[in-house]
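If you read the sequence from its start, that first residue is 1, and numbering goes on from there.
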Amino acid sequence: MSARPPSVVAERAVRYLVDLGRPASSVRLAHEVLSLSVADEQQATRVLVAAFADDPRLAYGAGAWRYVAPEPSRPAEAAEPDIAFVLVLGERAAAHASFAITAVAASRRRGAAIIAACGGDLASLAPATELKAQLRAIVDGAKVVLHAPPAGLAALERWIEDPLVEPLPLPLFARRRLGRPALHTLEEIAAALGLSVRIDDDPLLRIELLPLCFDALRKPGETWSEMAATCHAGGSGLPWPRYAFSRDDLRALPPVPGTYRFYDLDSKLLYVGKSNNLKRRLAAWFGDDAPRGARGRAIVEAVHHFEVKPSGSELEALLREAAQIRRDLPARNVQREVHARNDRAARLRSILILEPAESPWVLRAWLIREGQLLDSVPLGRRGGGLRRIERVLRDEFFDPREGPRSGRARPVDVELVARWLAEHRDKAVAFDPTHLKTADDVVLRLRWFLERGALQDPEGSPILPR
């Protein structure tokens, strides 16, 4: 049964007694809070008992009413965050080859219940876009327990295009907790813990072993911070006194898409990166207990200060990062040449892309033609931005004269755009505006999207590049 709400009369009585600073008789209290003149104390008490509705803050005794201050409520115990268990399988084709993921599996546990799971062989799921999205959702906001071979964490982060925030490496946890330096595989950890289990080749069945090993290694009541300290005991922390920023600066970052730039003490550009969530990405870079490879350690040890620039759009962050790396040649970025595929480029010679936009906008439209980004226009729910798009459509897509003339036009990496579209089929839609008859028809379609706030076509199907 829910608590009974306090009466208005009781609130008046509480304020009066608090201001008075001492108990008061029923006759006096009835006069002050009810404007009622009653000469008999018993009669006045009966009237007030009914009016106060058993309010626990008001107590009557020894011929007077007293204010009883409520006991301070005890803070509720914080619920343990969800735990995501992630298993990475893979191999190196040769001694000096890069690590290649062959299979992944993950599960998310809330309390004692598994609330989500995914997994499979990447070769059988190519391009594995759906599996990648499921894995991102499972790890998002959860504490991560990871089992991966050497270089598996870096390969996983490259594959999902997002870093894991301070994952707890299960093999390292087992070695530190059990004092046995030779524990690496799940089989070895399970055997050392005395767990009688069958190791299956199916990654979705193997992932069930991770929670069993983790729970066997964890001490009763042990916090996540204590387990992380066990893993990294004796490890070198970050050089916070040398940084020009603090942990509070990282916590204040916005959780939005954008780009970031790392500089050394002499303000030389070290590294340019992008993220769909700047706050989470920078927290992963500068987590005290975050595992890092040699390249990552070298970067965080050389950084002095950083800059972030929200983009309001995931695609804008991707294009901006690529442009800045090509232009500024940061010292620590690995320069990778993106090899274009002619079939993709052909499909994007004339394209209009819609993706969710930052508030107060609803959508952002990208207009690309013949390798030129003609404009990027945020759209409001009431149609703000449509006139600007209409002008570009008339001048660049439906006018028979050739050659882009938009003052905002700039070259765009069509291959990057094509890859982004392939990876974000659930977030963005794209179509060739010239497949419609006029610019007015395109604007009508955009209005349809804005009215519904859904990235689907009028027939209810996602619009994808063909």
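F214 does not carry R109 over the face of its six-membered ring by the limits of under 6.0 Å from the centre and within 45° of the normal.
In this structure, R387 places its CZ atom where only 12 or fewer heavy-atom neighbours from other residues, nucleotides or ligands lie under 6.0 Å away.
Note that CG of L379 and CD1 of I389 are 4.0 Å apart. Values are rounded to the nearest 0.5 Å. Annotation: the span from N333 atom CG to L269 atom CG amounts to 7.5 Å, rounded to 0.5 Å. Rounded to the nearest 0.5 Å, atoms OH (Y260) and CH2 (W285) are 5.5 Å apart.
For I138 against A106, the heavy-atom pair with the smallest separation is CD1-O, 3.8 Å. For the residue pair A84 and V139, the shortest heavy atom distance occurs at CB-CA, 4.1 Å. Here the shortest heavy-atom pairing between D266 and D264 reads N-OD1, 2.9 Å. Contact between P171 and L146 at its shortest, heavy atoms only, is CD-O, 3.8 Å.
Residue pairs meeting the salt bridge (charged side-chain N to carboxylate O under 4.0 Å, His left out) criterion with at least one partner in residues 429-440, sequence neighbours excluded, are R394-D440.
Applying the side chain to side chain donor-acceptor pair (under 3.5 Å) test between T259 and each of R320, K274, E316 identifies R320 as the sole match.
Scored by the ring pair (Phe, Tyr, Trp, His ring centres under 6.0 Å) test, H304 finds no partners at all (sequence neighbours excluded).
Between L170 and C213 there is a side-chain heavy-atom pair separated by less than 4.5 Å.
Using modelled atom types and a 3.5 Å distance limit, the side chains of S275 and R280 yield no donor-acceptor pair.
Note on ring orientation: taking the six-membered ring where Trp is involved, the planes of Y263 and H305 are parallel (angle under 30°, cut-offs 30° and 60°).
Under 4.0 Å is where a charged nitrogen must lie from a carboxylate oxygen, and between E222 and R177 at least one such pair does. Between R218 and D215, no side-chain nitrogen of the basic residue sits less than 4.0 Å from a carboxylate oxygen of the acidic one, so the salt-bridge criterion is not met.
Checked by atom type and distance alone, the side chain of R176 pairs as donor or acceptor with a backbone atom of C231 at under 3.5 Å.
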